[in-house]
Amino acid sequence: MLTLDSKIPQGPIEEGWTNHKNNLRLVGPKNRPNYKVLVVGSGLAGASAAASMGAMGYHVECFCFQDSPRRAHSIAAQGGINAAKNYRNDGDSTWRLFADTQKGGDYRAREQNVYRLAELSAAIIDQAVAQGVPFAREYGGKLANRSFGGVLVERTFYCRGETGQQLLLGAFSALQEQLAAKNVTMHTRTELMDIVLVDGQAKGIICRNLETGDITSHAADAVVLATGGYGNVYYLSTNAKGCNVTAAYRAYKRGAGFANPSFVQIHPTSIPASGDYQSKLTLMSESLRNDGRIWVPRNPDETRKPNEIPEEDRYYYLEERYPRFGNLVPRDVAARNAKDVCDKGLGVGSTGYGVYLDFGRAIEKLGENVVVGRYANLFEMYERITDEDPRKVPMRIYPAVHYTMGGLWVDYNLMTNIPGLYAIGEANFADHGANRLGASSLMQCLADGYFIIPVTIGDYLSRNPYGQVTTDHPAFKDAENAVRQQQEQLLSINGSRSVQSFHRELGKLMWEHCGISRNVAGLKKGLKLIPELREEFWQDVKILGSGRQLNQALENAGRLADFLEFGELMCRDALLRDESCGCHFREDHQTEENEALRNDEDFAHVAVFEYKGNDQTPELTKEPIEFEALPLASRNYKT
Amino acid sequence: MRIRLQIWRQASRDDSGHMDTYNLDGVNPDMSFLEMMDHLNEDLTKKGHDPVAFDHDCREGVCGMCSMVINGQAHGPKQGTTTCQLYMRHFNDGDEIFVEPWRSQAFPVVKDLVVDRSAFDRVIQAGGFISNHSGPKPEPNSILIEPEVAEQALDAATCIGCGACVAACPNGSAMLFTAAKVSHLGLLPQGETERYPRARNMVKQMDKEGFGSCRNYAECEAQCPKEISIAFISRLNTDYLKASLVEPKDRRGKMKSQ
Ligand SMILES: Cc1cc2nc3c(=O)[nH]c(=O)nc-3n(C[C@H](O)[C@H](O)[C@H](O)COP(=O)(O)OP(=O)(O)OC[C@H]3O[C@@H](n4cnc5c(N)ncnc54)[C@H](O)[C@@H]3O)c2cc1C
Ligand code: SF4
Ligand code: FES
């Protein structure tokens, strides 16, 4: 059983973070350079954390597997970042951002965490602007805003369709400033392979240099994981190819609790896969749903081209099923309905897994120029990929795995249950409950990195003398040997199937049995099939070359080996959570209108799993969630 | 489709490298170029040959990781397109396609099509930032920025740091990359204070890394996947010139000791 002390501040929610901060212990500026902190990951969370702690004077080392910290997957975020600035005078406030996020997460997040996030949101915009992030401006020169799904105010800040890129370049440049000042050292093309504990505390990591294959040890006083999400367990997702669960999973195997692993967000509008060779899915911003109408032919045997199908033979299923929100229902509702009509045989495109997103009506009403003006870059991207012009032929879209709400369990200080081991950004589970609202992940990553971890880490460090452990400690040698051994084992199998083919198969399995909607039989089947596939992988995978060189198949195999274990944990969590909530839709728990049916009595908790050894069932510990500030209400987007 | 590939193979930094020929069947026109490479690697693995190493990550044209010279052009024949966003439908059945890594003294080949672009990061470290600590900052609307200026800054900031400009330039110059960063920050009021030292220091570092000088071939702009304008290079030149008229003073060390 894990002991989970969430360290949530007591008292009124509005004063929680301030009071908490005032009671934290600090490390003085003279003493900070003595403390070494490892930050693994250089996305929004990692880069902002490393830069902030470096500037404070801590001795920071930062790691990423790409060739430059600027390439972290955060770069791909398109839409924007939320902040409760209330520039539009439309009734926004910290409270409202908090309430929207908590409601959007279907009441499966800690209130105090979510409130703090909302409270810090405005300062993130200030920080980014000071770094030179060129947010969109209005004619008068002030910052512009737009609205995003699931809310009634305009609070999203953006840089065209490349907000993540610009925010990451801001954090990256701050990191480069600290590199130049020699407060931070950067290790690129370096992958974390294990975490080293000494007397139960995190004291370092084991890495593999991806270019030379060297296995190296790094000792420190604290370790921060900012390694992003694990959507790639599904093989096809909107994530970058390298996204993985390895760092978080290795932490789990060393005793860190893994929270809500089954909470995965599926985005309703991505470009459908076109064939088996497909390697990733590309997101089409959900803003398209503002003007596009979603439909499928009513007749499963329809053979006409979309433009030849008359109105009466088109099934505008969202408009019919949800008259009030229509095409703008929340992400999970839109995604489930798309799957539902395709499963009924109504889907379009070569694979039958696609629905139309039609701009015909909007173009008729507003004119082509207006519509194209609104979505120019998205139309261009779509045409580039599919070779079809969405002005003339309806787009085809389908849901795709997009974001993982689950992650390492952390307390209010963002520390895991392993002392000295922190998790920030998408890698932790903290703020989005069972479903994340659009434009709130960037916000969370930067709140964690710029403002929370630089303060909370001092509380832990100040209680521990610095430099207690060096890499001479036997724990490092043991961990290094285990890493080498696993690598040699992988290379020695010399079977018949490529890593990619196994990954594809795992992805299909996960999508089928632990995807958009889940049921007991399917999850049980997943729990049976995944270990079988894992077995086959360890018998029959084929990896050429050696470990002493750049070997991409070997890198992928290591990541896949972890996914093959982790997928099972996801199914287990999804099976145990015998309710529907947010993105976790259990077919056996729905309302008459096919909405998710929560069970607050039994499941208002965070499900935290503890590793018990290979072939052992992980143990579940529940952290109850209290609802004090915001009373529970059911989500209803129909009326 | 069936194609014939001529690909640069180089085992390591020290290896001298050579071109190898591969015939590939079963290429679908809807495959992206990198999916075609995956397909090739699957084929090679099956046959027991070492797969081709290449850099990639986002596969949607924004991380700047992918980097192939295809038929002599950085990122291939389609304008304003990264390698990962190039599709096989732009090639014909039976085509012979040449695939090479970025070629530049400042970007040594690590393996096959993978190169070392850390020189770019060091150019940024020389001044590609606005000095800042994390913490309370002025209210952003207290400094007004004309939307047109913000848009121009964003045009420059759109650079993905891929290095195609260097690979495309007969001189291996990194001026477009450097100019994009200098312009992004220099156009904004927040970046004004450090504008001239930034230009000077970044150019100095660029030279130190072994990038060539700019001779106005304009190939960088033509092959840049983000279509960054060479007008930014003139801006950099102006800033650099102004910077060289004043003696550099750095009082930072002194301020600290007081
Ligand atoms: C297409 C797309 C669009 C999105 N749009 C939005 C949006 O508009 N608004 C919004 O709020 N959110 C959006 N999101 C979500 C958001 O982008 C991510 O959740 C967020 O950027 C994650 O940041 P991060 O810092 O936690 O991780 P990442 O940016 O994924 O960074 C992970 C870092 O960890 C490193 N790493 C990983 N594993 C290892 C390892 N084993 N060893 C060493 N290093 C490792 C990587 O090198 C990288 O540096 C979008 C996501 C996608 C996929
Ligand atoms: S200027 Fe263009 S070609 Fe050069 S690095 Fe930037 S995006 Fe790539
Ligand atoms: S793989 Fe990211 S830009 Fe091509």
Side-chain angles (χ1 to χ4, degrees), chain A residues 48 51-52 55 66-68 70-71 73 75-76 87 123 125-127 129-132 134-143 159-160 162 165-166 169 173-174 176-177 179-180 188 211 240-242 274-275 277-280 282 384-385 387 450-451 454 498 500 542 544-545 549-550 552-553, chain B residues 12 28 30-32 34-35 38-39 42 45-46 48-51 53 55-60 62-65 81 85 87 89 110-111 114 116-118 120-121 124-126 128-134 136-141 144-147 150 153-154 157-158 161 184-185 188 190-191:
Chain A
S48 58
S52 305
Q66 293 94 342
D67 70 332
S68 161
R70 66 181 292 153
R71 310 211 195 278
H73 169 59
I75 202 98
Y87 282 159
I125 304 301
D126 304 350
Q127 178 76 24
V129 169
Q131 289 166 342
F135 283 121
R137 299 266 167 173
E138 293 170 343
Y139 286 118
K142 300 195 178 64
L143 289 169
C159 310
R160 288 182 204 147
E162 52 199 53
Q165 183 197 17
Q166 295 310 319
L169 290 180
S173 65
Q176 297 303 303
E177 182 194 350
L179 285 173
T188 57
E211 189 190 323
K241 291 296 287 176
S274 65
Y277 48 79
Q278 189 92 22
S279 61
K280 78 154 276 166
T282 303
R384 187 195 295 282
I385 294 175
D387 207 25
Y450 284 135
F451 302 124
S498 69
Q500 189 162 268
K542 181 169 187 171
L544 299 166
Q549 58 175 168
L550 180 72
Q552 293 171 320
Chain B
S12 64
N28 188 307
D30 284 332
M31 281 181 176
S32 71
L34 297 187
E35 283 165 354
D38 292 342
H39 179 52
E42 193 111 343
T45 306
K46 218 175 279 165
H49 302 307
D50 201 18
D55 264 333
H56 66 102
D57 200 24
C58 74
R59 297 204 175 189
E60 50 185 81
V62 65
C63 74
M65 193 103 178
T81 303
Q85 292 278 284
Y87 281 80
R89 67 179 80 95
V110 171
K111 187 182 177 192
V114 175
D116 176 353
R117 288 172 283 195
S118 53
F120 264 11
D121 284 355
I124 300 288
Q125 281 155 33
F129 48 79
I130 295 170
S131 297
N132 247 328
H133 282 200
S134 307
K137 292 287 173 302
E139 163 57 38
N141 278 349
L144 302 179
I145 302 177
E146 271 179 63
L154 184 51
T158 298
H184 157 212
L185 299 175
L188 296 169
Q190 306 93 297

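Naming convention: chains lettered A, B, ... in sequence-line order (proteins, then strands); numbering from 1 in each chain.
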Using modelled atom types only, decide if a donor and an acceptor are shared between the side chain of [X] and the backbone of [Y] within a distance under 3.5 Å.
{"X": "A:Gln166", "Y": "B:Ala157", "answer": "yes"}
{"X": "B:Lys111", "Y": "A:Leu550", "answer": "yes"}
{"X": "B:His184", "Y": "A:Pro134", "answer": "no"}
{"X": "A:Arg137", "Y": "B:Glu146", "answer": "no"}

Output the distance between atom [atom1] ([X]) and atom [atom2] ([Y]), rounded to the nearest 0.5 Å.
{"X": "B:Ile124", "Y": "A:Leu169", "atom1": "CD1", "atom2": "CG", "answer": "8.5 Å"}
{"X": "A:Gln66", "Y": "B:Cys58", "atom1": "CD", "atom2": "SG", "answer": "10.0 Å"}
{"X": "A:Asp387", "Y": "B:Asp30", "atom1": "CG", "atom2": "CG", "answer": "7.5 Å"}

Please look at [X] and chain B and tell me whether the side chain, the backbone, both or neither of the residue comes under 4.5 angstrom of a heavy atom of that chain.
{"X": "A:Gln131", "value": "both"}
{"X": "A:Tyr139", "value": "both"}
{"X": "A:Phe135", "value": "backbone"}
{"X": "A:Ala123", "value": "neither"}
{"X": "A:Ser274", "value": "side chain"}
{"X": "A:Glu211", "value": "side chain"}
{"X": "A:Leu143", "value": "both"}

Would you mind checking which part of [X] comes under 4.5 Å of any heavy atom in chain A, side chain (CB onward), backbone (N, CA, C, O), both or neither?
{"X": "B:Thr45", "value": "both"}
{"X": "B:Gln85", "value": "both"}
{"X": "B:Asn28", "value": "side chain"}
{"X": "B:Pro138", "value": "backbone"}
{"X": "B:His56", "value": "side chain"}
{"X": "B:Leu185", "value": "side chain"}
{"X": "B:Leu188", "value": "side chain"}

Can you tell me if NZ on A:Lys142 sees more than 12 non-hydrogen neighbours from other groups inside 6.0 Å?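 At most 12 heavy atoms, drawn from other residues, nucleotides or ligands, come within 6.0 Å of this atom.
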
Closest heavy-atom pair and its distance - [X], [Y]:
{"X": "A:Asp67", "Y": "B:Asp121", "result": "O-OD2, 4.3 Å"}
{"X": "B:Thr81", "Y": "A:Arg384", "result": "OG1-NH1, 2.6 Å"}
{"X": "A:Glu177", "Y": "B:Phe129", "result": "CG-CE1, 3.4 Å"}
{"X": "B:Ser134", "Y": "A:Ser52", "result": "OG-OG, 2.6 Å"}
{"X": "B:Gly48", "Y": "A:Leu544", "result": "C-CD1, 3.7 Å"}

Please evaluate residues A:Tyr277 and B:Met31 with respect to the criterion side chain to side chain contact (heavy atoms under 4.5 Å, CB included), reporting the C-alpha separation (whole Å), side-chain torsions for both, the decisive distance (0.1 Å), and the verdict. CA-CA 7 Å; A:Tyr277 48 79; B:Met31 281 181 176; 3.5 Å; yes

Check against side chain to side chain contact (heavy atoms under 4.5 Å, CB included), B:Lys46 and A:Ser498: CA-CA 8 Å; B:Lys46 218 175 279 165; A:Ser498 69; over 6 Å; no

Side chains of B:Pro51 and A:Gln552 in contact at under 4.5 Å (non-hydrogen atoms):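 With C-beta onward as the side chain, the pair stays apart.
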
Are B:Asn141 and A:Tyr87 close enough that some pair of their side-chain heavy atoms sits under 4.5 Å apart?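 B:Asn141 reaches A:Tyr87 side chain to side chain.
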
For each of B:His39, B:Gln190, B:His49, B:Met65, tally heavy-atom pairs with chain A at distances under 4.5 Å, and name the one with the top tally.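 Maximum pair count with chain A is reached by B:Met65.
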
Quick check for you: among B:Gly64, B:Ala126, B:Gly128, B:Ser32, which has the greatest number of heavy-atom pairs under 4.5 Å with chain A?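 Among the listed options, the one with the most contacts to chain A is B:Gly64.
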
Yes or no on side chain to side chain contact (heavy atoms under 4.5 Å, CB included) for B:Arg59 and A:Ser279, after CA distance, side-chain angles and deciding distance? CA-CA 9 Å; B:Arg59 297 204 175 189; A:Ser279 61; 2.8 Å; yes

Just do the side chain to side chain contact (heavy atoms under 4.5 Å, CB included) check on B:Asp57 and A:Arg71 with the steps written out, would you? CA-CA 8 Å; B:Asp57 200 24; A:Arg71 310 211 195 278; 5.6 Å; no

I'd like to verify something: which residue of [options] has the highest number of heavy-atom pairs under 4.5 Å with chain B?
{"options": "A:Pro454, A:Ala174, A:Ala136, A:Ser68", "value": "A:Ser68"}
{"options": "A:Gln500, A:Arg160, A:Gln549", "value": "A:Arg160"}
{"options": "A:Gln278, A:Lys241, A:Glu138", "value": "A:Lys241"}
{"options": "A:Gly141, A:Gly140, A:Ala51", "value": "A:Gly141"}

Side-chain donor-acceptor pair present, A:Glu162, B:Thr158, cut-off under 3.5 Å: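 Yes, B:Thr158 and A:Glu162 have a side-chain donor paired with an acceptor closer than 3.5 Å.
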
Compute whether any side-chain donor of one residue and acceptor of the other, for A:Thr282 and B:Glu60, lie under 3.5 angstrom apart.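 Result is no, nothing qualifies.
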
